[in-house]
Amino acid sequence: MAICGLFLASFLALFSLAQSFGRGNGWSNAHATFYGGADASGTMGGACGYGNLYVQGYGTSTTALSTALFNNGLTCGACFEIRCINDRKWCLPRSIVVTATNFCPPNYALPNNNGGWCNPPLRHFDLSEPMFVRIAQRQAGIVPVAYRRVPCRKRGGIRFTINGHSYFNLVLITKVGGAGDVHSVYIKGSRTNWQAMSRNWGQNWQNNNNLNGQSLSFNIMTSNGRSVVCYNVAPASWSFGQTFSGHCQFR
């Protein structure tokens, strides 16, 4: 009887822990919905500027963030571990890791608890449908979740897509590991000193100097204060519209 009682007490303790998941241990509470269709085709593009998420290496493991989490685009590229909690009917017993690639805009015409899921100050994840159905049944529509920031694990180097024209270099930075969300960028031509870039939108960073005909290096800092220098990412023969993978990455 004592053994049975101990087993029961342990089981109840574990069950209680599972039900209270999201309170402490680095986890916070939010809600999640889904968008983009079963093939996630509707998630392409988005407010982070990543364009085709398959080409950029993000695939379907993505999410849009509400205003409270999006931080005016500075959270683009951050990774979150998410699991469904406190709903026995709809939750599935697993977690997912997704990258922030889009913005879930508020809908002030609807109340926060009935359609205005992304209204401030709510913390909300609008997941790609393939990710949502891994943690909850599709019919649920919306579920309570626990989430936490986790390191982004990316294969290969950080990618740089150079757009714009002379005197306007717009560089999209993708596939960033570690914290994932870039907060500061410096660029250096082979004939210049390091120059600060300003964030234009999402993870597009701009510099207004003519760097044509120079090899380009980048110094990137993420939200956790870590930085990495990517030397000679683009050769002197680079042209606008090209993408280059640097021999650099956050680990």
Side-chain angles (χ1 to χ4, degrees), residues 36 39-64 73-79 97-103 128 151-192 194-223 226-251:
D39 61 355
S41 59
T43 66
M44 300 298 119
C48 292
Y50 293 144
N52 188 316
L53 300 177
Y54 291 106
V55 172
Q56 299 293 5
Y58 298 107
T60 63
S61 301
T62 63
T63 186
L74 278 174
T75 312
C76 288
C79 294
V97 174
V98 292
T99 303
T101 59
N102 204 356
F103 174 54
S128 71
C152 299
R153 305 190 184 281
K154 306 298 182 185
R155 295 182 178 179
I158 298 171
R159 290 162 58 96
F160 302 82
T161 300
I162 306 172
N163 294 306
H165 51 78
S166 298
Y167 297 101
F168 180 68
N169 306 290
L170 189 66
V171 181
L172 171 65
I173 302 176
T174 58
K175 219 174 87 171
V176 180
D181 49 348
V182 176
H183 278 214
S184 172
V185 181
Y186 284 80
I187 188 171
K188 183 184 183 305
S190 51
R191 299 191 299 273
T192 73
W194 288 103
Q195 305 169 12
M197 303 189 77
S198 59
R199 193 171 64 89
N200 188 293
W201 65 282
Q203 284 297 352
N204 284 281
W205 295 78
Q206 73 176 67
N207 172 276
N208 297 327
N209 294 303
N210 188 340
L211 298 174
N212 294 347
Q214 302 181 57
S215 61
L216 303 179
S217 301
F218 296 88
N219 186 329
I220 298 173
M221 185 177 73
T222 48
S223 62
R226 292 189 61 196
S227 62
V228 66
V229 179
C230 305
Y231 291 105
N232 300 316
V233 170
S237 59
W238 66 267
S239 59
F240 293 106
Q242 289 185 302
T243 298
F244 301 92
S245 183
H247 297 289
C248 55
Q249 186 57 273
F250 292 93
R251 301 298 179 188

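Hydrogens, waters and symmetry mates play no part in the numbers below; they use all other heavy atoms, side chains included. Remember, it's a predicted structure, so these values are computed and weren't measured experimentally.
To the nearest 0.5 Å, atoms SG (C152) and CD (Q249) are separated by 9.0 Å. The CG atom of L53 lies 10.5 Å from the OG atom of S61; values are rounded to the nearest 0.5 Å. Rounded to the nearest 0.5 angstrom, F250 CZ and R153 CZ are separated by 15.0 Å. Taken from OG in S184 to CZ in R199, the straight-line distance is 12.0 Å, to the nearest 0.5 Å. Rounding to the nearest 0.5 angstrom, the gap separating the CZ atom in R191 from the OG atom in S215 is 9.0 Å. To the nearest 0.5 Å, the span separating OG on S217 from CD1 on I187 amounts to 8.5 Å.
Within the 4.5 Å cutoff, the side chain of Y231 has no heavy atoms near those of the K188 side chain. Between V171 and M197 there is a side-chain heavy-atom pair separated by less than 4.5 Å. Proximity of L172 to Y50: side-chain heavy atoms (C-beta onward) are separated by under 4.5 Å at one or more points. The shortest side-chain heavy-atom distance between I220 and I173 falls under the 4.5 Å cut-off. The closest side-chain heavy-atom distance from T43 to N102 is not below 4.5 Å. Looking at heavy atoms from C-beta onward, C79 lies out of side-chain contact with V98 at the 4.5 angstrom threshold.
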* Would N200 and L170 count as a side chain to side chain contact (heavy atoms under 4.5 Å, CB included) if you check the C-alpha gap in whole Å, the side-chain angles of each, and the deciding distance to 0.1 Å? -> CA-CA 8 Å; N200 188 293; L170 189 66; 3.7 Å; yes
* Asked: Where do I162 and F244 land on the side chain to side chain contact (heavy atoms under 4.5 Å, CB included) test, with the steps shown first?
  -> CA-CA 8 Å; I162 306 172; F244 301 92; 3.9 Å; yes
* Given N208 and Y167, is the side chain to side chain contact (heavy atoms under 4.5 Å, CB included) satisfied, shown in steps? -> CA-CA 5 Å; N208 297 327; Y167 297 101; 5.6 Å; no
* Asked: T222 and V176: side chain to side chain contact (heavy atoms under 4.5 Å, CB included), yes or no, with the steps?
  -> CA-CA 9 Å; T222 48; V176 180; 4.1 Å; yes
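Counting only distance, with no hydrogens or angles, the side chain of Q203 and the backbone of V182 share a donor-acceptor pair below 3.5 Å. Put simply, the side chain of R155 never gets that close to the backbone of G57: no donor and acceptor are under 3.5 Å apart. With hydrogens and angles ignored, the 3.5 Å screen pairs a side-chain donor or acceptor of D39 with a backbone N or O of S41. A donor-acceptor pair under 3.5 Å is formed between the side chain of S128 and the backbone N or O of T60. Checking side-chain atoms of Y58 against main-chain N and O of G77 turns up no donor-acceptor pair under 3.5 Å.
Take F240 and apply the ring-ring contact (aromatic ring centres under 6.0 Å, His included) test, not counting sequence neighbours, and it matches W238.
Closest approach of C248 and V228 over heavy atoms only: CB-CG2, 4.0 Å. Listed here is the closest heavy atom pair of T75 and A100: O-CB, 3.7 Å. The nearest pair of heavy atoms linking V55 to R159 is O-NH2, 3.8 Å. A47 approaches F103 most closely through the heavy-atom pair CB-CB, 3.6 Å. Across all non-hydrogen atoms, the minimal contact from N207 to L211 is OD1-CD1, 3.9 Å. In terms of heavy atoms, Q214 sits closest to N210 at NE2-O, 3.7 Å.
Between F160 and F218, the distance from one ring center to the other falls under 6.0 angstrom.
In the model, S223 has a side-chain atom that pairs as donor or acceptor with a side-chain atom of D181 under 3.5 Å. Between Q206 and N169, the side chains place no donor N or O within less than 3.5 Å of an acceptor N or O (distance only, hydrogens not considered). With no hydrogens or angles considered, no side-chain donor-acceptor pair links K154 and T174 at under 3.5 Å.
Summarising the local packing, CZ of F168 is surrounded by more than 12 heavy atoms from other residues, nucleotides or ligands at distances under 6.0 Å.
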